[in-house]
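The figures here come from the full heavy-atom set of this structure, side chains too, leaving out hydrogens, waters and symmetry mates. Sequence lines set the chain letters: A, B, ... in the order given, protein chains first and strands last, and positions in each chain run from 1. Bear in mind that the values here come from a model prediction, so they are computed numbers and not experimental data.
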Protein chains: 2
Amino acid sequence: MPYTAEHKLKSKERILQSATELFCRFGFDKVSINQVMKLAKMTHGAFYAHFESKEALYKASFLQTLDGSSSGRLAKAPFSIGHLIQLAHNLLNLRALSEQTRPSPENILFNEIGSDSTEIRQLYEKSYLGVLKILEKRITALSKLNKLSFVANQKSIKERSRAILASLVGAVAIAKSIQSEDERQRILNAAQNQILSLLGVSELSAD
Amino acid sequence: MPYTAEHKLKSKERILQSATELFCRFGFDKVSINQVMKLAKMTHGAFYAHFESKEALYKASFLQTLDGSSSGRLAKAPFSIGHLIQLAHNLLNLRALSEQTRPSPENILFNEIGSDSTEIRQLYEKSYLGVLKILEKRITALSKLNKLSFVANQKSIKERSRAILASLVGAVAIAKSIQSEDERQRILNAAQNQILSLLGVSELSAD
DNA sequence: GTCTAAAAATTATCTTGATCATATTTTATA
DNA sequence: TATAAAATATGATCAAGATAATTTTTAGAC
């Protein structure tokens, strides 16, 4: 048997690293297999010895680092309104997002909207449901600690979580699609204030 | 000079018709020049005698029917809370949107999120600003008629309009990206209730 | 009525990216 | 040291956008 046992593993790992880096920076569509393989110091043909397809690569890259994602960390972190606000703030901070070097549910949520690929859409749904669940948990926990200013039953918590996510995704999608820096800030701010108000926190001044 | 004067015009018009139909149904990325030209009963090569690029075709298709768009009609329609609610309802109704046969700002807003093409992004921004302005106008008009339940100054109207649009775009984007019909309805409903509450209307029961 | 040349349309070609098939290189072990 | 299976590389195919080269069309000159 040629090659040491770990040779292929190392190659695959290199491909995965390259893919993660490029996908996070540019998104699924704007990254080519060729780019990934060049960064991994191989030629394009070798790719299919390691992955079924480009989608499979994306999925692998996503799943590999899921645990280390900020929402993963957040799910385990102690509860506080401050943390929730920080979540919103992080998600709304486009620069931080685009500089992220690990794929994460939030990352997919904002980067892979409207993909034609069934597999990417499945990851999208998974990410959406995951982030939604985290939001619900945190809001529930806060409400049990009587830290929220609204009456929180299960239904209203679920509805608020969905409304928050819709605002987040919409504002970020719009912000990423328009040129005007001013308007970008305004829509992100409007969404942030709306989210804070959904959490029962009074509005902050424009950042 | 060969061909009657209007021959080319008619061909161009046929291309435009085909493009409008296909783009509205499937969006920019999922439609090929070949498809458009086949529907227009020509071969792909003829395309570039009529349009600079695929983007130019999209733009032309968009601009051609802009006046007839629903947001155009809505901007001229009489003001009422009912109309505003209907706007939100229409925008949230995915089926109606996807069956639309004319391009419209709303259509672009939901179909062309995150496009790589600079030209499509410019149309996106234009559409966003247009719909935003319409929202602001209508909310302002309603507030002057004292029909709203919140104190409406210019700033809060602008902020509310942005928050509404973010919710709309986010909810529709998510709804289009996920498989579960249940969750689709829930996120759309959450967004709708949120929008109604931003307008000062009490929540409706789930549709 | 025919002929002609500019306009319109078709067909062939180029490019890039995903995918696949074939060829080549690599290296553990017989 | 030779070998063969595994890993990688090279080259081909296919689709889609874009261009080039070629053919078809027909208004208007004769």
What are the atom names and distances for every N/O pair under 3.5 Å that joins the protein to nucleotides 12-15 of chain C?
| from | atom 1 | to | atom 2 | distance (Å) |
| --- | --- | --- | --- | --- |
| C:dA12 | N6 | B:His44 | NE2 | 3.3 |

With distance as the sole criterion, is a donor-acceptor pair present between the side chains of B:Ser161 and B:Glu136 under 3.5 Å?
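No pair is found: no donor N or O on one side chain lies under 3.5 Å from an acceptor on the other.
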Establish, with yes or no, whether the OP1 or OP2 oxygen of D:dT8 is under 4.0 angstrom from a side-chain nitrogen or oxygen of A:Ser11.
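Indeed, a polar side-chain atom of A:Ser11 lies that close.
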Holding to side-chain hydrogen bond (donor to acceptor under 3.5 Å, both in side chains), I want the full list of residues that pass it with [X], two or more places apart in sequence or in another chain.
X	value
A:Glu55	A:Ser117
B:Ser177	none
B:Tyr58	B:Glu112
A:Glu13	A:Gln64

What is the nucleic acid contact for B:Ala49, judged by heavy atoms within less than 4.0 Å: base, sugar-phosphate only, or nothing?
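It contacts nothing in the nucleic acid.
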Please name all residues satisfying salt bridge (Lys or Arg N to Asp or Glu O under 4.0 Å) with B:Lys59, sequence neighbours left out, ordered by chain then number.
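With sequence neighbours excluded, B:Lys59 shows a salt bridge (Lys or Arg N to Asp or Glu O under 4.0 Å) to no residue whatsoever.
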With sequence neighbours excluded, what pairs up with B:Glu6 under the salt bridge (Lys or Arg N to Asp or Glu O under 4.0 Å) test?
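Once residues adjacent in sequence are excluded, B:Glu6 has no partner under the salt bridge (Lys or Arg N to Asp or Glu O under 4.0 Å) criterion.
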With sequence neighbours left out, write down each residue that passes side chain to side chain contact (heavy atoms under 4.5 Å, CB included) with [X], or none if nothing qualifies.
X	result
A:Phe26	A:Leu22, A:Lys30, A:Val31
B:Lys12	B:His50, B:Phe51
A:Ala190	B:Glu159, B:Arg162

Specify the angle, to 10°, made by the local axes at the two ends of the helix from C:dG1-D:dC30 to C:dA30-D:dT1 when five pairs are taken at each end.
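One end axis against the other gives 40°.
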What's the [atom1]-[atom2] distance between [X] and [N], to the nearest Å?
X	N	atom1	atom2	value
B:Lys54	D:dA18	NZ	C1'	12 Å
B:Ile120	D:dG17	CD1	P	12 Å
A:Asp29	C:dA18	CG	C1'	13 Å

Where along residues 30-43 of chain A does a heavy atom come under 4.0 Å from DNA chain C, residue by residue in number order?
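Heavy-atom cutoff 4.0 Å gives A:Val31, A:Ser32, A:Ile33.
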